[in-house]
There are 2 protein chains.
Amino acid sequence: MTTIKQIAIDMGVSAATVSNALTGKGRVSSDMVERIKKRAHDLGYRPSLAGRALRSGQTGILGLVMPDLTNPLFPRIAQHLSLVAADRQLGILIADSRGNPDEQTQAINRLLDRGVDGLLIVPQKGTAPGLQNVPTVIINTASDPDNSVSADHAGGGRMIAEHIASLGHRHVILLGEDRVSEVQRDRVAGMRAGFDPSIHLQEIWGESGIDQLVSAIQNGATAVITTSDLLALRVHSHLTRNGIVVPHDVSLTGFDDLPFAIAMHPTLTTVAQDVEQIAGLAIERLILEIQGETLPAQNANVAMRLVIRNSTTKQNSKTKPEILQ
Amino acid sequence: MTTIKQIAIDMGVSAATVSNALTGKGRVSSDMVERIKKRAHDLGYRPSLAGRALRSGQTGILGLVMPDLTNPLFPRIAQHLSLVAADRQLGILIADSRGNPDEQTQAINRLLDRGVDGLLIVPQKGTAPGLQNVPTVIINTASDPDNSVSADHAGGGRMIAEHIASLGHRHVILLGEDRVSEVQRDRVAGMRAGFDPSIHLQEIWGESGIDQLVSAIQNGATAVITTSDLLALRVHSHLTRNGIVVPHDVSLTGFDDLPFAIAMHPTLTTVAQDVEQIAGLAIERLILEIQGETLPAQNANVAMRLVIRNSTTKQNSKTKPEILQ
DNA sequence: CTGTTAGCGCCTTCAT
DNA sequence: ATGAAGGCGCTAACAG
């Protein structure tokens with residue numbers, strides 16, 4: 001490893017001068033700067049981040065805490081964060097909070113012990129991580145008072161609802177996955193808001209919700225809108241098994257636009273997060289916080305994008321599907 | 001931040017003694033050790049990893065390079081690596097190599113600049129990352145000469161094949177996703193190896209392969225075995241659209257056991273990687289390398305697990321399905 | 001414009 | 001059993 005000191009000796013100048021030349025502190029004659037830079041390059045000099053960290057108190061590392069790394073959205077978020085961070089010369093250290101609040105706290109502490117400059121947290125559903133005295137950005141959903149940046153889940157729900165309404169559906173089932181999750185609740189709330197009162201809405205949740213589906217459809221529901229793609233796939237399977245055809249008998253929608261949404265038949269109408277923008281905003285904001293700006297508890301709500309595919313279609317007041325048993 | 005020196009002053013001893021007491025170097029009287037530990041704890045002392053890193057030349061951070069963080073397996077691998085690493089007091093820094101070999105090299109360099117103690121690399125398909133002079137573990141597949149630890153993809157293929165053979169299928173389609181991928185090739189090779197020569201095998205690849213499916217089935221194929229769950233879902237959709245029913249008309253299998261495999265109908269027979277064990281072995285080996293042992297280019301091949309669900313069934317020489325156009 | 005000094009927090013001699 | 005000193009690589013403050 002080439003160090004600043006070696007270059008200094010090698011060139012007969014002081015270490016400080018090399019440092020100044022390399023970091024462009026401008027207190028060195030420009031041809032000296034050139035020569036030092038060249039020599040450093042030739043020697044393959046790489047600054048020691050450890051030395052710099054010790055000196056400056058900053059590691060250039062951001063910690064990413066996710067409730068569960070197997071969350072289907074994690075890969076995309078992680079990817080974009082890591083790309084944006086790389087652009088800014090920052091690294092991303094990951095930590096899994098293993099689906100429980102205690103582990104979440106421990107994960108945060110591990111990261112803090114490593115001296116991360118800031119924290120990106122996607123909180124456990126239904127928890128507010130004890131905020132330390134460290135720059136932190138929370139990526140959750142607008143209704144979370146601690147939220148900093150998120151997709152506009154409610155807006156996404158509204159888009160789905162308006163799409164379904166525009167297709168003429170008048171009796172709609174809202175299927176949620178988990179009531180504890182703020183994200184899910186915002187999605188459902190958005191869905192409700194997107195329909196006008198004349199439309200018959202039926203809100204059901206979880207496993208037991210799926211069991212009620214068939215009879216609800218027999219009672220006239222013509223669309224099922226769900227709060228996740230995975231749930232939509234399950235519903236699709238369940239309906240198929242009961243002889244109900246999507247979208248002929250009933251329209252169906254998901255949420256998130258996961259990779260398999262286009263592998264289904266029919267391909268799934270859903271709503272996509274602009275993860276790239278969310279990642280960009282999150283890191284930008286975190287960097288500002290790290291630089292000491294005291295930001296208002298702003299709440300960037302990134303619009304979602306409606307992705308219309310083949311699982312939704314016009315409601316044409318046909319006869320009820322025959323249900324197989 | 002409490003430092004060693006503060007504790008030392010606070011207790012009227014030297015910094016060296018505090019260090020020795022805390023790191024258990026045993027050169028301190030045991031009651032002094034007790035008192036120092038207690039005081040350190042009360043003061044909320046956390047050792048500065050930066051200081052330690054500078055001193056020791058080790059950061060306690062491992063770099064994880066993935067070809068594409070959106071790879072469906074990434075979440076599970078990342079999760080287990082992060083858990084195992086956390087147990088060993090190590091951190092995991094992620095880097096996306098963005099699907100191309102140049103970026104892979106850059107990603108590795110970024111990690112190296114950060115002073116990671118070792119590298120975990122899941123290589124781009126068809127590339128051998130230029131190995132640096134750093135402890136490195138490659139997670140790919142057995143046929144890669146650089147491979148250190150991997151799932152036994154060929155063995156998984158064989159298990160699938162034997163399962164299909166045991167169900168009485170005699171005309172089988174092998175559908176691969178991408179010939180460039182060593183992993184995929186090993187999977188297909190394993191599948192072939194699992195059938196005896198009397199069985200009629202038809203190997204097809206990619207998009208064009210899917211197009212040939214229907215006619216192949218009309219010609220008597222009764223099972224389609226694929227090299228990924230996503231591919232299996234696509235096939236399922238495609239067949240359904242053509243009036244072919246799984247598993248009644250044709251059995252179908254995937255690979256990897258992704259979360260949606262149980263959301264499908266029928267639920268998908270597939271083969272699962274023991275990611276936990278792979279992660280454990282990978283980190284264990286990497287730690288040994290970091291500690292300076294020169295290990296043989298061993299090749300841990302972790303057995304896969306056959307997951308039999310409802311997409312496969314006995315071949316009972318019934319009549320060909322009628323194909324809708 | 002350039003050099004010297006000092007110290008970030010830790011740990012490892014070497015002395016006491 | 002404990003302490004003093006020095007240095008890992010870097011940079012900020014203060015000379016010169």
Over how many whole Å does the gap from B:E34 atom CD to D:dA1 atom P extend?
15 Å
When A:L81 is tested against each of A:I77, A:L83, A:V84 for side-chain contact (heavy atoms from CB on, under 4.5 Å), which residue passes?
A:I77
Separation of C:dC10 P from B:L22 CG (nearest whole Å)
9 Å
Selected nucleotide, minimal atom distance to B:I4 side chain, candidates C:dC11, D:dC10, D:dG3
C:dC11
Would you name the heavy atoms of B:N147 and B:V149 that are closest together and state the gap between them?
OD1-O, 3.3 Å
NA contact type, A:G115, heavy-atom cut-off 4.0 Å: base, sugar-phosphate, or nothing?
nothing
Nearest whole angstrom, please: distance from the P of D:dG3 to the CD1 of B:I36.
8 Å
For C:dT2 and A:S29 - does any side-chain N or O of the residue sit under 4.0 Å from the phosphate oxygens OP1/OP2?
yes
Taking C:dT12, C:dC8, D:dT11 as options, the one with an atom nearest any side-chain atom of B:S19 is C:dT12
Which is more 5' along DNA chain C, the nucleotide nearest B:T3 or the one nearest A:A16? Just name the residue.
A:A16
Does B:S14 place a side-chain N or O at less than 4.0 Å from the phosphate oxygens OP1/OP2 of D:dG3?
yes
In whole angstrom, what separates A:I7's CD1 from D:dT11's C1'?
15 Å
For B:K25 and D:dA1, give me the distance from atom NZ to atom P, rounded to whole Å.
16 Å
Using whole Å, report how far CZ of B:R52 lies from C1' of C:dC8.
16 Å
Test applied, side chain to side chain donor-acceptor pair (under 3.5 Å); reference residue, A:T141; option that passes from A:D152, A:D186, A:N301
A:D186
Member of B:K5, B:R39, B:K38 meeting the salt bridge (charged side-chain N to carboxylate O under 4.0 Å, His left out) criterion with B:D10
B:R39
With sugar-phosphate meaning primed atoms plus P, OP1 and OP2, does A:S48 contact a base, only sugar-phosphate, or nothing at under 4.0 Å between heavy atoms?
sugar-phosphate
So, does A:K5 get its side chain near the phosphate of D:dG7, meaning an N or O under 4.0 Å from OP1 or OP2?
no
Take the protein atom CD of B:Q58 and the nucleotide atom P of D:dG9, then report the distance between them rounded to whole Å.
14 Å
Here's a test of your reading of the structure: between B:A15 and B:G51, which maps to the more 5' nucleotide of DNA chain D?
B:A15
At less than 3.5 Å, do the side-chain atoms of B:R55 and the base atoms of C:dC11 form a donor-acceptor pair?
yes
What contact category does A:L54 fall into here, base, sugar-phosphate, or nothing, at under 4.0 angstrom with non-hydrogen atoms?
base
Given salt bridge (Lys or Arg N to Asp or Glu O under 4.0 Å), test A:K125 with A:D178 step by step and report yes or no.
CA-CA 9 Å; A:K125 57 192 173 194; A:D178 181 354; 2.6 Å; yes
Provide, to the nearest angstrom, the distance between the CG atom belonging to A:L49 and the P atom belonging to D:dC10.
10 Å
